[in-house]
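All remarks here apply to the structure that follows.
Remember, it's a predicted structure, so these values are computed and weren't measured experimentally.
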Amino acid sequence: MRTRTQVGIVGAGPAGLLLSHLLALRGIDSVLVEVRSRAYCEARQRAGVLEDGSVVLLRDAGLAARLDRQGIQHGGIYLQFDGERHHIDFRALTGRKVTVYAQTEVVKDLIARRLADDGNDAIEFNVTGTEVSRLDTEKPRLSYTDASGVRHEVDCDAIAGCDGFHGICRPSIPAGMLTTWQRDYPYAWLGILADVPPSTDELIYSHHRNGFALHSLRSPSVSRLYLQVSPEEDIANWPDDRIWAELSRRFELPGWTLDSGPVLDKGITPMRSFVSAPMRYGRLFLAGDAAHIVPPTGAKGLNLALADVAVLAPALDALLHGDDKPASAYSATCLNRVWRSTHFSWWMTTMLHRTPGADEMEAQLQLSQLRYVVSSKAAATSLAENYTGFAALPPPAG
Ligand code: FAD
Ligand code: DHB
């Protein structure tokens with residue numbers, strides 16, 4: 001079946017969903033295709049922390065009704081090391097805060113809004129055989145097979161590759177056109193979702209001789225916790241009792257206890273830094289994890305994906321009206337923020353994790369860095385302004 005649209009979008013993660021909504025606000029048609037089911041996209045456990053800029057972006061785009069009711073504002077974090085827990089006060093240091101609101105909820109809100117505005121055709125779930133072609137022409141093509149087996153060829157004015165790190169868009173760019181930078185870390189995160197109220201009022205990042213641990217949350221009754229493990233670790237080796245015992249050890253503090261509860265979900269995530277540039281080839285624009293990945297320490301991945309499409313929507317609007325200038329600036333504009341977050345995430349990650357096989361010198365250097373962050377206002381402010389979002393977002397639609 002041969003059709004046309006203005007913008008073809010690959011991937012219904014946060015980047016693709018928000019882009020299709022921002023384009024719709026500008027009166028621009030899109031076709032959004034997703035390989036997974038709606039239920040799968042809405043249940044996929046990932047990030048949980050939104051920068052103020054991301055909240056403002058979602059609110060200005062009319063997407064924050066539930067976020068404003070259920071999002072939990074945090075004015076800081078705890079850094080724990082050497083048997084002590086220290087508070088970093090974001091509000092006092094920067095005047096800013098962050099909002100705990102799970103990626104699953106952002107995705108649910110976006111899907112509900114796209115379907116309410118444009119009906120069931122707004123998103124094609126369960127597609128197979130996604131391909132993008134003719135990228136160096138003014139009529140790139142998006143091809144896919146829908147859930148009922150019908151093959152679609154969609155002629156577009158532009159295509160947005162929002163299909164994550166393992167998607168097909170970035171590999172569709174001819175060899176030699178992209179420069180990539182990558183670092184794989186010698187550890188991974190074992191994450192659990194637990195049906196128990198959080199044992200803390202703000203997130204705890206703990207550096208421990210057994211490895212890093214993070215206490216986060218999803219709601220007043222659901223906790224999210226992470227443990228540093230080996231990237232080769234098998235989740236089968238981690239029955240719930242072992243996970244809770246190790247979490248208790250890594251957060252141990254006199255007079256404080258970690259409450260445990262039923263584990264609702266668990267999984268292991270590898271840790272990687274990856275940037276590919278430029279984020280444009282002809283009429284294909286990459287956004288979010290399709291173009292860059294950060295290790296999760298510092299909670300930047302989701303915020304970067306939202307920031308990319310906030311820049312991309314007006315750039316595509318201009319391109320469709322004959323002005324290529326914002327589209328030409330898209331990659332450089334985004335990469336500025338991407339590299340800041342890439343550095344911050346690397347810095348948080350290497351400061352807080354135990355590197356397998358590292359010598360005592362590295363351990364002492366990490367502790368010195370942590371002591372500096374909690375005792376110097378300048379160092380604490382640097383962490384706070386990066387964590388809460390360093391670069392101001394451009395305005396969304398309008
Ligand atoms: P994605 O959310 O990956 O969305 C891409 C979409 O494209 C997916 O729905 C995928 O199914 C779809 N797709 C892929 N290929 C095709 C195709 N061929 N055709 C059609 N559709 C396709 N960040 C944090 O800040 N904190 C965390 O704790 C955290 N945990 C994470 C855990 C995991 C397992 C992963 C993978 C990421 C995590 N992140 C975390 C990062 C954060 O979730 C991502 O940065 C964010 O999801 C990026 O959004 P996106 O829309 O760019 O990509
Ligand atoms: C969460 C994940 C992170 O990577 C982080 O730094 C903070 C919170 C989370 O999933 O809640």
Within the side chain of [X], is there an N or O that forms a donor-acceptor pair under 3.5 Å with the backbone of [Y]?
X: K300; Y: Y387; value: yes
X: D308; Y: G288; value: yes
X: K325; Y: A318; value: no
X: Q182; Y: R272; value: no
X: Q6; Y: D157; value: no
X: T5; Y: G8; value: no
X: R242; Y: N237; value: yes
X: W256; Y: S199; value: yes
X: N386; Y: F344; value: no
X: K266; Y: W238; value: yes

Under the side-chain hydrogen bond (donor to acceptor under 3.5 Å, both in side chains) test, which residues partner [X], sequence neighbours left out?
X: D234; answer: none
X: Y330; answer: none
X: W244; answer: none
X: S341; answer: none

Around [X], counting heavy atoms of other residues, nucleotides and ligands shown, do more than 12 lie under 6.0 Å from its [atom1]?
X: E362; atom1: CD; value: yes
X: N120; atom1: CG; value: no
X: E153; atom1: CD; value: yes
X: R183; atom1: CZ; value: no

What about the rings of F251 and H208, do their centers lie closer together than 6.0 Å?
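Here the rings of H208 and F251 have centres that are no less than 6.0 Å from each other.
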Would the Y185 and W346 ring centres measure less than 6.0 Å apart?
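No, they do not, as the ring centres are separated by 6.0 Å or more.
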Where do K97 and F90 land on the side chain to side chain contact (heavy atoms under 4.5 Å, CB included) test, with the steps shown first?
CA-CA 6 Å; K97 56 184 166 27; F90 296 160; 5.8 Å; no
Any chain of hydrophobic side-chain contacts (each under 4.5 Å) joining [X] to [Y]?
X: V55; Y: L17; value: yes
X: W189; Y: L193; value: no
X: I173; Y: V10; value: yes
X: L22; Y: L320; value: yes

Suppose we screen for side-chain contact (heavy atoms from CB on, under 4.5 Å). Which residues come up paired with [X], at least two apart in sequence or across chains?
X: R354; result: H207, R209, Q228, A363, Q366
X: P356; result: P186, Y187
X: V35; result: none
X: I168; result: T130, V132, D163, S172

What I want to check is whether the side chains of E202 and H87 have a donor and an acceptor closer together than 3.5 Å.
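Note: E202 and H87 side chains meet the donor-acceptor criterion.
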Check: D68/Y101 side-chain N/O donor and acceptor closer than 3.5 Å
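No.
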Close side-chain approach of [X] and [Y], heavy atoms under 4.5 Å:
X: D52; Y: T388; answer: no
X: L286; Y: C169; answer: yes
X: C156; Y: V31; answer: no
X: T297; Y: W347; answer: no
X: L58; Y: L50; answer: yes
X: L203; Y: L217; answer: yes
X: L214; Y: L352; answer: no
X: T342; Y: H292; answer: no

Atom pair [atom1]/[atom2] of [X] and [Y] - distance to nearest 0.5 Å:
X: L23; Y: D317; atom1: CG; atom2: CG; answer: 8.0 Å
X: L284; Y: M279; atom1: CG; atom2: CE; answer: 11.0 Å
X: R134; Y: D155; atom1: CZ; atom2: CG; answer: 6.5 Å
X: D289; Y: L302; atom1: CG; atom2: CG; answer: 9.5 Å

With sequence neighbours excluded, what pairs up with [X] under the salt bridge (Lys or Arg N to Asp or Glu O under 4.0 Å) test?
X: D265; result: none
X: E246; result: R249, R250
X: R96; result: none

My understanding is that only one of F81, Y226, F212 makes a ring pair (Phe, Tyr, Trp, His ring centres under 6.0 Å) with H353; could you say which?
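Among F81, Y226, F212, the one meeting ring pair (Phe, Tyr, Trp, His ring centres under 6.0 Å) with H353 is F212.
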N-O pairing of R114 and D118 below 4.0 Å:
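A salt bridge links R114 with D118.
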Answer yes when R141 and E131 have at least one side-chain N-carboxylate O distance shorter than 4.0 Å, and no when they do not.
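Salt bridge flag = no for E131 with R141.
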Test R38 against L115 for side chain to side chain contact (heavy atoms under 4.5 Å, CB included), laying out the working first.
CA-CA 11 Å; R38 177 180 181 182; L115 299 185; 3.4 Å; yes
Once side-chain hydrogen bond (donor to acceptor under 3.5 Å, both in side chains) is applied, what residue pairs with a partner in residues 369-383 remain, sequence neighbours excluded?
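Counting only pairs at least two positions apart or across chains, the side-chain hydrogen bond (donor to acceptor under 3.5 Å, both in side chains) contacts touching residues 369-383 are D82-R371.
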Please walk me through it: do F165 and R170 pass side chain to side chain contact (heavy atoms under 4.5 Å, CB included)?
CA-CA 8 Å; F165 183 69; R170 194 181 63 253; 3.9 Å; yes
Please identify which of these residues, I111, L32, V33, meets the side-chain contact (heavy atoms from CB on, under 4.5 Å) condition with F125.
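So the option named by the test is I111.
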Please report the shortest heavy-atom distance between P296 and M271, naming the atom on each side.
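Of all heavy-atom pairs spanning P296 and M271, the closest is CD-CE, 3.9 Å.
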T137 vs R283, side chain to side chain contact (heavy atoms under 4.5 Å, CB included): CA-CA, chis, key distance, verdict
CA-CA 7 Å; T137 73; R283 290 266 174 143; over 6 Å; no
